[in-house]
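Notes follow the structure.
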Amino acid sequence: MKVSYSWIKEYTKIDASIKEFCDAMTMSGSKVEGWAVLGADIKNVVTGKVVEITKHPDADKLVVTKIDIGSETIQVVTGAKNLSEGDCVPVALHGSSLPGGLKIKKGKLRGVVSEGMLCSIAELNVTVNDYPNAIEDGIMVLDGEVELGLDITKVLGLDEDIVEFEITSNRPDCFSVIGLAREAAATFKKDFAVKETMPKEAAAGDINEMITIEVKDFELCPRYTARVITDVVIETSPEWLRQRLRDAGVRPINNIVDITNYVMLEYGQPMHAFDLDNISGKKIIVRSAEAGEMLDTLDDKPRKLDPSMLVIADENKPVAVAGVMGGAESEVTDTTKTILFESATFKATSVRLTAKKLVMRTESSGRFEKGLDYNNTLPAINRACELVEELGAGKVVKGVVDVWADAPLAKTIELRVDRINTFLGTYISRNEMLDIFAPLEISVEGDMVTAPSFRPDLLCEADLAEEVARFYGYNNIKATMLAGEETTQGKRSYKQRLRDIVEGVCLSSGMYEIYTYSFTSPGIFDRLGLTKNDVLRKTVKIRNPLGEDYSVMRTTTFPEMMKVIAHNRNRNIEKGAFYEMGVTYHPVEGSDLPKEKPVLSLGMFNSGGFFDLKGIMEEITDTLGMSGIEYVPITDNPIFHPGRCASLLKDGMEIGLLGQVNPNICKEFEVPEETVMGTIYVNRLYEMADFERKYTELPKYPAVTRDIAILVDDDVTSGNIINLINESVGAYLEKVNFFDVYKGAQTGEGKKSLAFSMVYRSSEKTLTEEEVSASFNKVVKTLSEKIGAELR
Amino acid sequence: MKQKLKEILEKAGNEISAIKDKKMLEDARVRYLGKKGMLTEVMRGMGKLTKEERPNMGKLANEVREKIDVLLGAIAEKVEKEALSIKLQQEKIDVTIPGNRRGIGKKHPLTQAIEEMEEIFIGLGYDIAEGPEIETVYNNFDALNTEENHPSRDEQDTFYITDNILLRTQTSPVQIRVMKNSEPPIKIICPGRVYRADTVDATHSPVFHQIEGLVIDKGVTMGDLIGTLKLFAKNLFGENTKIRLRPHHFPFTEPSAEVDVSCWVCNGKGCRVCKGEGWIEILGAGMVHPNVMKACGIDPEVYTGFAFGMGVERAAMGRHSISDLRLLFENDLRFLEQF
């Protein structure tokens, strides 16, 4: 909310500088976003009177004027056509500055000296709305007689300090100058006074014959206050009122509309003015709209209404959407003669939902939706009437039609001074607290505190504590350290430590951590080549996504990994290895909340192949004490190369997946061929990790190593061989390692050669050649019998 | 023969002292003491000697053999030393040539920021709590004292799955879960991913991260909150950092505050980074609202508490002068390497 500092000072005599004011208000709870002087960039522009106009000797389109600026008369050449002698105009002198960085200097125009520049409204950055009598296409002519040589910013009120406040939604009272002035008075400990409004009520007639008000739903409209103005004269508002509106960022329109806006700014009570002659039956009914009813609002848009919306209606039809906007038909125009002023309280949620449904948001609805003070309708409407009289806009009819339900009960809260002090950590006396409450109009009787009706946010002791704290000064509260009854132990949980360990392996393997989005496009599954029934297609869908690309929660991390790889590759980064400790989301039948699965996502490009990534995964499972991991080939996962993909199993359960990306997918996602990716299901790690480490004695006796190379059929895997060797129970066999595969001319078609290294050792003695050979031969025999392996 | 032996010894002595390297040493050893060496040859002549002459000659021969051996041994040491010295000289390297790096990875800057903050709080006895990202409307709003029509519930701000399920907009739901499932004293921080319907630009993302803290115990005061925030700010931004609280409004705390830290670039004097203010807004904080505690079955007459929260991206971007939030989710290696 924008307010000029001088307007606030009308209600409380503060003498702080603008900077002191802004700082103090922020620190007591009314945050100042910023402050500015509207005409800050206008310097050295003064008022002057045109005393002579002559044609320019050398230019048809120019005239030479003599301008009296009080201290002297200067000569200014201008192209304007709208000047007459005696006009008072703004004169930018030599060395002056104008908005937009324009600097004016003495010079010659077509050979004639010009000592300055006469200004249009645009050049001063004001508009015809602010100054309706000025013309857009010419020099600004000031109204009436003006003292000469005065700073134009003072004359036009552009020298005001305008403060912009950020008001939080729980303080509807601060969306008004009076509310802010009250806060300012409390902050600076100065007196605060709002003049009582006293319209003279000169118009003839009985108001009850002019208008009747019927409220059908007091829950939606707790109070409706109305007054009538006759002999209306619509004209421009006086300058002081236009300035106040302009400073607040509101466009001046005409005296009546301006008055309602002025009162809205001043009291925080939105008002509406109807042309009473266009209200059928001289009756206002506040009711819910009926299905199918339509209304053309002031902005000339037809609005479709429904029974959830509260409307202001006359005998026949709706004439306004309550609290949001008035109708076009009953709008105040130049020919309006009689006005009905509305000043009412509407239920906050009703106005909010109605405005949302109609996709509208007005200054009026913005205030109502925060919950306004029931008691404010009458003072506001009286103020409006007072202004009508002051401006000569019409005659105020005696009396008020004021329809209301029972007043809401005032909220009382128990005041426990000691508890507030223990809560805040302060030592504030009861009297100090009362001194804080008094200017806020929070009344105290004994131990009971009553909140004023304009403070719907004061509901409990904590709210009182906040009032005390913000005026005591949050930063005056002494900083202390928690002194709880027991010390608490801070540590990472088992799961967090496990993840740290896993990440440590990834880091030491040269992988960089990435962060990717949790949502994706539903189109991703077709791009991955998944079958129509693939379980990954079952997603959690966002009802109101930002766009299609972010409309479902991801069920796999592979697409995001490929996007990162493609991004880096496209920027000519030659290689990379990445990991992400992420989450995938899977809907669960019969459950509201989906399952969130933690997964480790891995990917590399130009940093090694399948076996390098497998190596990293082996490091991970090894570090977690997980042995017996089986790598089983997967040939039907469309994302991966059918010959280079494996599932990781432990105890028969799948714990992960890895593979080289299928060339089709590489092309689709623009990643290099031989990109490899993998994933590990972290829940399985939590369940299966084993951190128990028991020492085994170091070997006392030396080992004997025997290498073996065997010729086998192509489809025999090294895993098969190792299992067979281990099963053959050759005595003293400590370990068997695979170290080479060879396929070529020497092996022939359909066959390959696998080489193993077998390590023999006894824990009791040094083995003899014969003992090793016996064991070795047993292995060879087993391999030959079981799979027809030939020794090479 | 005696003469011959003497000659051999003398010759050996001269030759050995001229030995420069291993090869010469080996040659000498073979020439004098080898199977076909000089000494052996002379010894062959032993057969021509008389029975009486043989033992003496034998003894002499052995003496000569021993003496040659000793000479060889001494020179061997010298030769070894020389050889090593030459080897060391030749093996000299240019130490300014870059090393062979094995290549380690790095954690993402957001993780680094979160871990730094976790460290500070673990040291103060806090646990790290986690919870689901997809939450109930109840846990994300209702339990947090956020009224039905609060604008943050709007579809413009929050992602919904159904009327009752949404993507959490803050990590506060984790606090609700903890408060419902544990007895005070509670001291936790909850880092996590949150979601808001903000279109992607240099300072906004629909996905981002928060870290919130919660303390519930007997006798917790606002002074304790301020003390904790001060400590946190000093640890994260430097020993000279000051904090400043400004009254604000959150539905789940009362009193509520926005917390500024003194600008870490200009130390509060005013600069471009802090827009001349000297302060940078970094946290929201306050005393836990009694309604929130009641909703979780904690009696506000017995217990009080405070809560605070900050956006991780904002803090990380501020500290590292990262200009564009999108960089944190693009994962360009040249960006990730810098942290």
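First the proteins, then the strands, lettered A, B, ... as listed; each starts at 1. Hydrogens, waters and symmetry mates are skipped; everything else that's a heavy atom, side chains included, is used.
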Seminar exercise, completed: Pair count under 4.5 Å, heavy atoms only, with chain B: among A:Leu353, A:Thr516, A:Asn568, highest is A:Asn568

Seminar exercise, completed: Residues B:Val174 and B:Ala129: closest non-hydrogen pair is CG1-CB, 3.9 Å

Problem set entry | Pair A:Asp549, A:Thr520: side-chain N/O donor-acceptor within cut-off below 3.5 Å | no

Exercise. Roughly how far, to the nearest 0.5 Å, is the CD1 atom of B:Ile161 from the CZ atom of A:Arg543?
Worked result: 9.0 Å

For this session: Would you check if there is a donor-acceptor pair between the side chains of A:Tyr474 and B:Arg244 at a distance under 3.5 Å?
Result: no

Exercise. If you tally heavy-atom pairs under 4.5 Å against chain B, which of A:Asp463, A:Thr26, A:Thr422 wins?
Worked result: A:Asp463

Seminar exercise, completed: Under 4.5 Å to a heavy atom of chain A? For B:Thr162 that would be backbone

Exercise. Non-hydrogen atoms of chain A under 4.5 Å away: do they reach the side chain of B:Gln112, the backbone, both or neither?
Worked result: neither

Exercise. Checking heavy atoms, do the side chain of A:Lys575, its backbone, both or neither come under 4.5 Å from chain B?
Worked result: backbone

Problem set entry | Which portion of B:Asn291 sits near chain A, non-hydrogen atoms under 4.5 angstrom | neither

Exercise. Quick one: of B:Leu333, B:Thr158, B:Leu336, B:Val215, who has the most non-hydrogen atom pairs under 4.5 Å with chain A?
Worked result: B:Leu333

Exercise. Hey, are B:Ser205 and A:Tyr517 close enough side-chain-wise for a donor-acceptor pair under 3.5 Å?
Worked result: yes

For this session: Would you mind checking which part of B:Thr199 comes under 4.5 Å of any heavy atom in chain A, side chain (CB onward), backbone (N, CA, C, O), both or neither?
Result: both

Problem set entry | Under 4.5 Å from a heavy atom of chain B, the part of A:Met481 involved | both

Exercise. Contact part of B:Arg193 toward chain A, heavy-atom cut-off under 4.5 Å: side chain, backbone, both or neither?
Worked result: side chain

Seminar exercise, completed: Here the pair of heavy atoms bringing A:Leu600 nearest to A:Cys506 is CD2-SG, 4.0 Å

For this session: Taking atom types as modelled, find out whether A:Lys541 and A:Thr539 have a side-chain donor-acceptor pair closer than 3.5 angstrom.
Result: yes

Problem set entry | Per-residue contact mode, A:Arg352 against chain B (heavy atom under 4.5 angstrom) | side chain

Exercise. Of the backbone (N, CA, C, O) and the side chain (C-beta and beyond), which part of B:Glu337 lies under 4.5 Å from a heavy atom of chain A, both, or neither?
Worked result: both

For this session: Under 4.5 Å, counting heavy-atom pairs only, tell me which of A:Arg571, A:Glu503, A:Arg171 racks up the most with chain B.
Result: A:Arg571

Seminar exercise, completed: Honestly, the part of B:His248 sitting under 4.5 Å from a heavy atom of chain A is both

Problem set entry | Pairs of heavy atoms under 4.5 Å with chain A: top-ranked of B:Leu167, B:Asn164, B:Leu328 | B:Leu167

For this session: Heavy-atom distances under 4.5 Å only: say whether B:Pro290 touches chain A with side chain, backbone, both or neither.
Result: side chain

Problem set entry | A:Ile573 portion near chain B, given a 4.5 angstrom heavy-atom threshold | side chain

Problem set entry | Top contributor to chain B contacts, counting heavy-atom pairs under 4.5 Å, from A:Lys356, A:Arg419, A:Glu166, A:Arg470 | A:Arg419

Problem set entry | Region of B:Ile134 in contact with chain A, defined by heavy-atom distances below 4.5 Å | both

For this session: Say whether B:Asp224 and A:Thr480, considering side chains only, have a donor N or O and an acceptor N or O under 3.5 Å apart.
Result: yes

Exercise. Do you know which of B:Glu115, B:His209, B:Glu130 has the most heavy-atom pairs under 4.5 Å to chain A?
Worked result: B:Glu130

For this session: Pick one of side chain, backbone, both or neither for A:Ser28, based on which atoms fall under 4.5 Å of a heavy atom in chain B.
Result: backbone

Exercise. At a heavy-atom separation under 4.5 Å, does B:Phe121 approach chain A through its side chain, its backbone, both, or neither?
Worked result: neither

Exercise. Do A:Phe519 and A:Tyr585 have ring centroids that are under 6.0 Å from one another?
Worked result: no

For this session: Tell me, out of A:Glu580, A:Glu467, A:Arg492, A:Glu369, who's got the most heavy-atom pairs with chain B below 4.5 Å.
Result: A:Arg492

For this session: Tell me, for B:Lys106 versus chain A, whether the close heavy atoms (under 4.5 Å) come from the side chain, the backbone, both or neither.
Result: both

Seminar exercise, completed: Looking only at B:Gln156, B:His108, B:His289, B:Glu133, most heavy-atom pairs under 4.5 Å shared with chain A are made by B:His108

Exercise. Which one of A:Glu461, A:Lys478, A:Met27 has the most heavy-atom pairs closer than 4.5 Å to chain B?
Worked result: A:Met27

Exercise. Where on B:Pro109 is there a heavy atom nearer than 4.5 Å to chain A: the side chain, the backbone, both, or neither?
Worked result: neither

Exercise. Quick one: what part of B:Glu330 sits under 4.5 Å from any heavy atom of chain A, side chain, backbone, both or neither?
Worked result: both

Problem set entry | Contacting region of B:Asp163 [heavy-atom separation from chain A under 4.5 Å] | both

